[in-house]
Amino acid sequence: MNTTKVETKECPYCSGKGYFQLILGGSETCNNCDGTGKKS
């Protein structure tokens, strides 16, 4: 029997990190997942 598992996929925009690494240095919060790194 197959058990149903709730799986939260990672955000495709920031690869599950919750932020973008900026080229010039520093980071910026991902607006798509609000920094959670998970797909809503």
For residues 32-39, run the donor-acceptor check on the side chains, cut-off 3.5 Å, and write out each pair with its distance to 0.1 Å, sequence neighbours left out.
unit_1 : atom_1 : unit_2 : atom_2 : d
Thr36  : OG1    : Cys33  : O      : 2.7
Thr36  : OG1    : Lys38  : N      : 3.3

When you measure from the side chain of Glu28 to the backbone of Gln21, do you find a donor-acceptor pair of N or O atoms at a distance under 3.5 Å? no

Remaining members of the apolar cluster that contains Phe20, side-chain heavy atoms under 4.5 Å: Tyr13

Rest of the hydrophobic cluster containing Tyr19 (Ile/Leu/Val/Met/Phe/Trp/Tyr, side-chain heavy atoms under 4.5 Å)? none

Interatomic spacing from NZ in Lys17 to CD in Glu10 - rounded to 0.5 Å: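 One gets 9.5 Å once the value is rounded to the nearest 0.5 Å.
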
